[in-house]
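Written out below as structure tokens is the structure these notes cover.
Computed from a predicted structure; not experimentally measured. Note on naming: letters A, B, ... go to the chains in the order of the sequence lines (proteins, then strands), and numbering restarts at 1 for each one.
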Amino acid sequence: MSYQMMGSVMDAEDIVQDVFLSLEEGDGTQIRNAKSYLCKMTVNRCLNKLKSASRQRETYVGPWLPEPYAAVSDDPMDQYIIKESLTTAYLLLLHQLSDMERIVFLLREVFTLPFSEIATIVGKSEGNCRQIDYRARRSLAQQPETRSEVRAVGVRHVETFIQALATGNMNLLLDILKVDATLYTDGGGKAQAALRPIVGSKIVARYFEAIRPKVPQDFVCELREVNALPGIVIKTGPFTFSVISIQIENDLISNVYIVMNPEKLLHFNL
DNA sequence: GTGTGGTTACAACGAAAGAT
DNA sequence: ATCTTTCGTTGTAACCACAC
């Protein structure tokens, strides 16, 4: 939930660690409702971080994408966590909501807390929380579906993608991209990236053609699930150069998300 | 005027309690 | 055991206040 709030793996880990640290310091016996108490601590820390994060995001260069998260183990818990709720598209939609809408929505969705408890956690009236949640759900109603059979197609497309990148034959891309496919690149002003989303299969293919010479010669592609979407991790030596994930619609690629911002790729280098 | 956020009202639903 | 009533919760809409 912390990751869904922040859109950042590092921040989420910091917050969770911080919450557990203060739990150890405090006297646990006094806490009657542990679930609600933990939620409140997490929410407060998320809000604090978001206040400073929103200032930074106002000056963010180019499109902002959530930090990519790739499942690395066969741990069933990881598999559970990485399901549809963490797709890049879904996280992007979540981050279109206001902070309060996102908190109320996630407290309801993830922890299935009653509105009375959510109200005490966020310090608002019960009715207001219901309304906030209702409005959040209405905003999210346009959420794209990600069915499992779509994934198999996605993996095939990712392989084609890698082939196109490796050979430079961008015509391969035109066959698997929707005509109105959109490319989102997040360089955060630190890596070379497009300042606006790129729309149209031909223009997207041309973009990849243009950036191909800039990709280090010794790059290695790893086929990985990124934010529950089929994806590619591009590495040069131990360093992650960029992380690409793709969204499938009607058996074709509708959206391509590329994260090149080195700050968002740090945990891939660990 | 418009958008955003809060309050209030109300219908629908399900669970719990009581009556038969 | 089954039916009825009550009550709390939820989803939704309408309205209001405020900032821009």
Side-chain angles (χ1 to χ4, degrees), chain A residues 1-8 11-12 14-16 18-19 30-67 80-148 150 180 182 184 186 188-189 195-197 199 227-228 247 249 254-255 257:
Chain A
M1 177 217 171
S2 180
Y3 172 52
Q4 288 171 316
M5 268 308 298
M6 305 299 298
S8 158
D11 283 347
D14 279 355
I15 286 167
V16 171
D18 198 29
V19 166
Q30 288 179 355
I31 303 163
R32 269 178 300 170
N33 190 340
K35 189 175 173 185
S36 157
Y37 181 76
L38 278 174
C39 287
K40 186 158 193 163
M41 287 173 77
T42 311
V43 163
N44 284 340
R45 279 162 176 73
C46 283
L47 278 175
N48 280 342
K49 279 244 177 189
L50 281 167
K51 268 181 203 159
S52 52
S54 71
R55 275 198 296 274
Q56 285 171 20
R57 211 168 285 174
E58 278 167 16
T59 56
Y60 200 86
V61 181
W64 179 90
L65 290 174
E67 199 172 306
Y80 171 74
I81 290 169
I82 198 71
K83 60 178 189 170
E84 281 77 4
S85 61
L86 292 186
T87 64
T88 302
Y90 184 74
L91 288 169
L92 268 180
L93 275 174
L94 272 187
H95 280 265
Q96 279 167 16
L97 303 175
S98 70
D99 294 344
M100 193 47 71
E101 279 179 335
R102 199 157 64 248
I103 284 172
V104 172
F105 174 78
L106 289 174
L107 285 174
R108 183 98 195 106
E109 189 74 8
V110 179
F111 295 106
T112 56
L113 292 177
F115 283 113
S116 54
E117 257 182 74
I118 296 176
T120 44
I121 288 172
V122 300
K124 291 185 184 293
S125 78
E126 201 179 318
N128 190 12
C129 287
R130 269 203 302 277
Q131 193 56 241
I132 291 170
D133 179 62
Y134 174 65
R135 284 166 182 160
R137 275 167 208 282
R138 210 170 40 190
S139 309
L140 290 174
Q142 40 175 327
Q143 181 199 343
E145 48 179 339
T146 48
R147 303 187 309 271
S148 56
V150 167
D180 61 345
T182 308
Y184 300 86
D186 179 347
L195 291 178
R196 291 171 199 283
V199 185
N227 292 88
Q247 177 99 34
E249 220 179 280
S254 58
N255 291 324
Y257 306 100

From CG (A:Asp133) to CG (A:Asn128), nearest 0.5 Å: 11.0 Å
A:Thr182 side, atom OG1; A:Gln247 side, atom CD - distance, nearest 0.5 Å: 11.0 Å
Nearest listed nucleotide, side chain of A:Asn128, among C:dA13, C:dT10, B:dT7: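 Nearest to the side chain of A:Asn128 among the choices is B:dT7.
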Among B:dG6, C:dG11, C:dA13, the nucleotide that comes nearest once only the side chain of A:Arg130 is considered: C:dG11
A:Gln131 CD - C:dG11 P separation (whole Å): 11 Å
Nearest-angstrom distance from the residue atom OH of A:Tyr134 to C1' of C:dA14: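 Value for this atom pair: 11 Å.
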